Protein chains: 2
Amino acid sequence: MKMHNFKYEGSGLNRFFGPLEAKIMEILWNEAGELTIKDVQLKLDNDAKSNNFNTVMTVMNRLVDKGILQKKSVARSSLYRPVVTKEAFMETQSKELTLDLIEEFGSLAVTHMVDALDKVDPGLLDQLEQKIKEMKKDR
Amino acid sequence: MKMHNFKYEGSGLNRFFGPLEAKIMEILWNEAGELTIKDVQLKLDNDAKSNNFNTVMTVMNRLVDKGILQKKSVARSSLYRPVVTKEAFMETQSKELTLDLIEEFGSLAVTHMVDALDKVDPGLLDQLEQKIKEMKKDR
DNA sequence: CTCCTTACACTACAAATTGTAGTAGGTACA
DNA sequence: TGTACCTACTACAATTTGTAGTGTAAGGAG
């Protein structure tokens, strides 16, 4: 279930998925259990306008094809659940992207990193300093 | 000329552009001057198999539409050149992506950053440490 | 001045991605 | 036995990127 893109626009899951896909993954990950297509469709309805059942089904089955969801056929209906937890997913993406960023931009990214941390949450600067110390100590 | 995606696959300009677009931008940026479509087409031929003139033109004009290239009509032919230097482009992307990464992943990214630096080029760890010190001093 | 070469514009198509939804088929239960 | 529901299959639109044909205009060759 390799991701392909990190989008500049949007936030959260919308960085990785299409808008409908993102809403669906959000629901699946929030419910922590296994849901049927119907379940997901109804939860979507709470949010906004009605979504066609077939639309939801198609998107969910495509997520299965991509290895993001797992599908278990049970008599009448099928149960879907994410292959990995949201935390594991985010962990993977963060790791992958951070590595790619460094490989691609090297020292340029280092400079920007400090600025970004200072801008978003200066507390992270201390955390980073700490981590560096630990890393260097272990060598 | 807002970019939309950062691709997990590939490297260099292929992270931001399609394969042909990337080759074209590479040529434009390397030549530092203004090139005609023909120029670009010929340079592409050095690399690999022949590219249809119209193909190159279409892609280049799309890059103009996207605000990445600038086009100057001169009598018979047109001259194309990048709107910004490669360095400026990379600078912008690095900054944007780094900020997005931090906004999206916060402390998760901080941890991965240290690992990534250690893995790719440990010297960058010292550089980062230095930058943090400077940043904190200025406050 | 006429014709040909060349470059450009316009148009189109294919594959992939994502959202959308119709139709058909099968199963269970009333 | 028929109806409601769930699923599979199929299809289409928009977008992105690569590809390329056809038509047109302009400038130089003769």
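Note that the structure is predicted; figures quoted are calculated from it, not measured. Here is the naming used below: chain letters follow the sequence lines, and residue numbers restart at 1 for every chain.
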>> Nearest 0.5 Å, please: how far is CZ in A:Phe17 from CE in A:Met25?
In response: 5.0 Å
> A:Phe17 near the nucleic acid: base, sugar-phosphate alone, or nothing, with a heavy-atom cut-off under 4.0 Å?
Replying inline: nothing
> For the residue pair B:Phe89 and B:Trp29, does the interplanar ring angle fall in the parallel (under 30°), tilted (30 to 60°) or perpendicular (over 60°) class?
Replying inline: tilted
> Do A:Lys38 and A:Phe53 touch side chain to side chain, with heavy atoms closer than 4.5 Å?
Replying inline: yes
>> On the nucleotide C:dA7, are OP1 or OP2 found under 4.0 Å from the side-chain N or O atoms that B:Lys71 carries?
In response: no
> Is the phosphate of D:dT7, meaning OP1 or OP2, less than 4.0 Å from a side-chain N or O of A:Ser78?
Replying inline: yes
> Could B:Lys66 and B:Glu21 be called an ion pair, given the rule that one side-chain N must be under 4.0 Å from one carboxylate O?
Replying inline: yes
> Do the ring centers of B:Phe16 and B:Phe6 come within less than 6.0 Å of each other?
Replying inline: yes
>> At less than 4.0 Å, is any side-chain N or O atom of B:Asn61 found next to OP1 or OP2 of C:dA9? Yes or no.
In response: yes
>> Suppose we call a contact any N or O donor and acceptor under 3.5 Å apart; does that hold for the side chain of B:Thr36 and the base of C:dA7?
In response: no
>> Of the listed nucleotides (C:dG19, D:dT17, C:dC10), which one gets closest to any side-chain atom of B:Met57?
In response: C:dC10
>> Does this structure show an ion pair linking B:Glu9 with B:Arg15, if we count only N-O contacts that are shorter than 4.0 Å?
In response: no
> When the nearest nucleotide of DNA chain C is assigned to A:Asn54 and to A:Ala22 on a heavy-atom basis, which residue is associated with the more 5' position?
Replying inline: A:Ala22
> Does any donor-acceptor pair link the side chain of B:Arg62 with the base of D:dG18 at a separation under 3.5 Å?
Replying inline: yes
>> Counting only heavy atoms and a strict 4.0 angstrom limit, can you tell me which residues of residues 2-13 of chain B come near DNA chain C?
In response: none
>> Let's see if you can work this out: which of D:dA8, D:dG18, C:dT18 has an atom nearest to the side-chain heavy atoms of A:Lys66?
In response: C:dT18
>> Heavy atoms only, 4.0 Å cut-off, all strands: where does B:Thr55 land among base, sugar-phosphate and nothing?
In response: base
